[in-house]
Amino acid sequence: MGFRCMFKVLAVFAVTLTVTATSVAGQAKAGCQSNCGNTSIPYPFETGSTDCNISKRFFIRCNTSFNPPKAFLTTSDIEVLHISLNGYLRIQYSVGYDCYNSSGSAYYFYAGFRLSKFLISHTRNKFTAIGCDTYAYVEGFTGRTYSTGCVSFCYDVADLVNRSCSGIGCCQTALPKGVTDYELSFDSYWKHSKVLSFNPCSYGFAVEDGAYSFSVSDLSNINFSKRKFPIILDWTIGNQSCMEAKMDVDNYACKQNSDCIDPENGRGYLCKCLHGFQDINECETLKPCSGTCHNLPGSYNCSCPKGFEGDGRKKGTGCNPKVKQHFPILVGTLGIGMSLLFSLFMLLMGVFGA
Ligand SMILES: *[C@@H]1O[C@H](CO)[C@@H](O)[C@H](O)[C@H]1NC(C)=O
Ligand SMILES: *[C@@H]1O[C@H](CO)[C@@H](O)[C@H](O)[C@H]1NC(C)=O
Ligand SMILES: *[C@@H]1O[C@H](CO)[C@@H](O)[C@H](O)[C@H]1NC(C)=O
Ligand SMILES: *[C@@H]1O[C@H](CO)[C@@H](O)[C@H](O)[C@H]1NC(C)=O
Ligand SMILES: *[C@@H]1O[C@H](CO)[C@@H](O)[C@H](O)[C@H]1NC(C)=O
Ligand SMILES: *[C@@H]1O[C@H](CO)[C@@H](O)[C@H](O)[C@H]1NC(C)=O
Ligand SMILES: *[C@@H]1O[C@H](CO)[C@@H](O)[C@H](O)[C@H]1NC(C)=O
Ligand SMILES: *[C@@H]1O[C@H](CO)[C@@H](O)[C@H](O)[C@H]1NC(C)=O
């Protein structure tokens, strides 16, 4: 186990290499699945077979009853959209809401989750509240209890501006550093009674910075409560700093040509390929096989389905149906082809040689 980086020798990558060499990628441990549906699952995240749960913390549950299959964080119902080896992952989560009708409170959902090992990124997310009679709070525990939030009041739909999130109908604020717990709560001053015609609900959600653009119509859309938004979580390996981890040789994960970096948020460390080296999920990135591609540590192989032969490589012989009876005929046509080519070659040589 561990991160390994290789020098990329492929000519196609030679040009881009100098530019992208500092980006990191990892490969799933041999024998583990490297993806779940469309989501690539790189080491140290793992999914698939049971011998892949060396650390439950990085286990991704792949639910194949969806098409394509969906990835979920450990045992939770939090869907994972993307895992980056630069120390973050993108999840998808529901909005919280607090809705009213003419007789008062109608229905609500105070969304929240508790992450024991991951952190909600304080640099890549914004806590967002929309509504016109809205106090929205996010509370939790960072080691200390924290509470932050947004206030938004408005009285006339004409005052609202699309894509503007500056406190009239929509409000955004930063989240504190080191947040693992996230729990929403709401309050309203007039129970939305003054704005019921165009805004019966208050909504609150953490969202990846830039991934939500306020639309005035969201305030009256009763289906907004069903929306889900991307949130960026930070992840690291273990709880040791680079200096501590390097001394713990047996468990130190930054192997071959990779270096240790201390994260900006939280404890633990990350591995990064050294300059000029890059490890890639070759099956996914290069798509080198016309047959089935298997990722192996630091390499890959190709194979052909049953009844086919060849090396399975796009640049090799590929996969061709096994032929037996037609062999002599094939040689015959090939022979004709070759001699035709040869004559043409000689002809051309003759023309240009003169
Ligand atoms: C997911 O993969 C399927 C086929 O494997 C493809 O048709 C689809 O476009 C992909 N979806 C996304 C969002 O990449
Ligand atoms: C793998 O998961 C099983 C079931 O959750 C657990 O009993 C076992 O200890 C895990 N193995 C490792 C190496 O963590
Ligand atoms: C997969 O998702 C379906 C539908 O949400 C659910 O019923 C099922 O329990 C899930 N299976 C696993 C293994 O999580
Ligand atoms: C308001 O919502 C409550 C709770 O859902 C419901 O009992 C009540 O009938 C609703 N009132 C009106 C006027 O729709
Ligand atoms: C805001 O955008 C929505 C569509 O997203 C559009 O229907 C609406 O007319 C726009 N309103 C204003 C005031 O620009
Ligand atoms: C809300 O969703 C329901 C069912 O998905 C749909 O029939 C309805 O038209 C939607 N309403 C709005 C305002 O988009
Ligand atoms: C670090 O992690 C190890 C193993 O998960 C645990 O036993 C230890 O208590 C942790 N140390 C601190 C300071 O959190
Ligand atoms: C390719 O690797 C897979 C997985 O390790 C293995 O099962 C298969 O036999 C290998 N095929 C070839 C042609 O080496």
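Counting convention: from 1, in listed order, for ligands and their atoms alike.
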Which pairs of nitrogen or oxygen atoms, taken one from ligand 3 and one from the protein, are under 3.5 angstrom apart?
unit_1   : atom_1 : unit_2 : atom_2 : d
ligand 3 : 2 (O)  : Asn63  : ND2    : 2.2
ligand 3 : 2 (O)  : Ser65  : OG     : 3.3
ligand 3 : 11 (N) : Asn63  : ND2    : 2.9
ligand 3 : 14 (O) : Arg61  : NH1    : 2.7
ligand 3 : 14 (O) : Asn63  : ND2    : 3.3

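For the pair Arg114 and Tyr182, the cation does not sit on the ring face, since its NZ or CZ is not both under 6.0 Å from the ring centre and inside 45° of the axis.
Between the side chains of Glu139 and Ser185, at least one donor-acceptor pair of N or O atoms lies under 3.5 Å.
Between the Asp311 side chain and the Thr317 main chain, a donor and an acceptor come within less than 3.5 Å of each other.
The one candidate from Phe118, Tyr269, Phe45 that meets the ring-ring contact (aromatic ring centres under 6.0 Å, His included) condition with Trp235 is Phe45. The salt bridge (charged side-chain N to carboxylate O under 4.0 Å, His left out) test with Glu208 is passed by exactly one of Arg124, Arg90, Lys126: Arg90.
Heavy atoms from other residues, nucleotides or ligands lying under 6.0 Å from OH of Tyr110 number more than 12.
In terms of polar-atom proximity, Ser217 is not counted as a contact of ligand 5, lacking any N or O under 3.5 Å from an N or O of the ligand.
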